[in-house]
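Worksheet: the structure to be examined is printed underneath.
Just so you know, these numbers use all the heavy atoms, side chains as well, and skip hydrogens, waters and symmetry mates. Just so you know, these numbers come straight off a predicted model, no measurement behind them. Numbers here simply count residues along the sequence, with the first being 1.
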Amino acid sequence: MRTFNHVGLVTDVIPQGAVYNEGLSVWLTDFNQSPNRIEFLKFEAGSCMPELVQKQGHIAYTVPSLQEELEGKNVIFGPAVCDEHLTIAFIEEEGIAIELMEIK
């Protein structure tokens with residue numbers, strides 16, 4: 001079962017308070033600091049993220065089992081281990097990017 005986590009919105013300016021993720025070539029804000037759970041993203045040239053994410057943004061959900069949730073889905077990125085507590089993947093569903101997050 002999916003549980004809403006945040007929404008990622010793409011911008012063309014570096015958002016105030018954003019940090020740079022060198023591995024993904026993206027500036028991003030902490031959605032935990034947003035009352036509306038918004039993560040603002042500004043992608044740099046050469047980002048490895050799918051074009052769909054870079055152009056349209058995404059909706060993110062927490063899932064109990066990433067492996068089970070990805071079965072039969074159109075995976076466009078990942079799975080990627082972010083740290084010992086978080087693994088993510090992006091799928092395309094209904095023409096938009098969906099981020100799936102397994103938190104341990």
Side-chain angles (χ1 to χ4, degrees):
M1 177 162 149
R2 295 179 185 178
T3 303
F4 175 78
N5 187 280
H6 69 273
V7 62
L9 299 178
V10 178
T11 180
D12 59 354
V13 297
I14 298 173
Q16 182 176 356
V19 296
Y20 188 66
N21 181 307
E22 189 172 339
L24 300 176
S25 298
V26 63
W27 291 92
L28 55 126
T29 60
D30 182 356
F31 56 81
N32 289 307
Q33 301 302 315
S34 166
N36 295 299
R37 309 272 312 162
I38 299 171
E39 173 184 54
F40 290 97
L41 307 126
K42 195 240 184 248
F43 291 94
E44 299 293 340
S47 175
C48 64
M49 295 302 292
E51 184 176 349
L52 189 61
V53 176
Q54 291 187 50
K55 301 292 182 191
Q56 295 182 2
H58 64 277
I59 300 171
Y61 296 95
T62 304
V63 297
S65 170
L66 191 57
Q67 181 179 349
E68 288 179 18
E69 190 68 35
L70 294 178
E71 288 180 24
K73 302 294 192 307
N74 181 17
V75 179
I76 59 174
F77 181 82
V81 176
C82 299
D83 61 34
E84 65 272 10
H85 304 290
L86 176 64
T87 303
I88 65 168
F90 283 83
I91 62 173
E92 181 178 350
E93 203 169 72
E94 296 186 76
I96 65 169
I98 304 291
E99 180 181 10
L100 301 173
M101 307 169 66
E102 181 178 311
I103 302 171
K104 295 181 183 176

Indicate the atoms forming the closest heavy-atom contact of [X] with [Y], along with that distance.
| X | Y | answer |
| --- | --- | --- |
| Glu102 | Lys104 | OE2-CE, 3.2 Å |
| Met1 | Pro64 | O-CD, 3.4 Å |
| Lys42 | Pro15 | CB-CD, 4.1 Å |
| Val53 | Ala97 | CG2-CB, 3.6 Å |

Cluster link Leu41 to Val7, ILVMFWY, side chain under 4.5 Å: no
Co-membership, hydrophobic cluster, residues Met49 and Ile98, 4.5 Å side-chain: no
All pairs passing salt bridge (Lys or Arg N to Asp or Glu O under 4.0 Å) where residues 86-99 contributes a residue, at least two apart: Arg2-Glu93
Summary of salt bridge (Lys or Arg N to Asp or Glu O under 4.0 Å) pairs that have at least one residue in residues 28-41, sequence neighbours excluded: none
Tabulate below the donor-acceptor pairs under 3.5 Å that side-chain atoms of residues 16-28 make, not counting sequence neighbours, or state none.
unit_1 : atom_1 : unit_2 : atom_2 : d
Asn21  : OD1    : Gly23  : N      : 3.1
Asn21  : OD1    : Leu24  : N      : 2.9
Trp27  : NE1    : Glu44  : OE2    : 3.0

Working to the nearest 0.5 angstrom, can you tell me the gap between [X] [atom1] and [Y] [atom2]?
| X | Y | atom1 | atom2 | result |
| --- | --- | --- | --- | --- |
| Met101 | Thr3 | CE | OG1 | 11.5 Å |
| Thr62 | Asn5 | OG1 | CG | 4.0 Å |
| Glu71 | Leu66 | CD | CG | 10.5 Å |

Tyr61: ring-ring contact (aromatic ring centres under 6.0 Å, His included) partners, not counting sequence neighbours: none
Contacts of Glu51 that satisfy salt bridge (Lys or Arg N to Asp or Glu O under 4.0 Å) - sequence neighbours left out: none
Candidate pair Ile59 and Phe4, rule side chain to side chain contact (heavy atoms under 4.5 Å, CB included), full reasoning: CA-CA 8 Å; Ile59 300 171; Phe4 175 78; 4.1 Å; yes
Ignoring hydrogens and angles, write down the donor-acceptor pairs under 3.5 Å from the side chains of residues 73-91, residues two or more places apart or on other chains.
unit_1 : atom_1 : unit_2 : atom_2 : d
Lys73  : NZ     : Glu69  : O      : 3.3
Asp83  : OD1    : His85  : N      : 2.7
Asp83  : OD1    : Leu86  : N      : 2.9

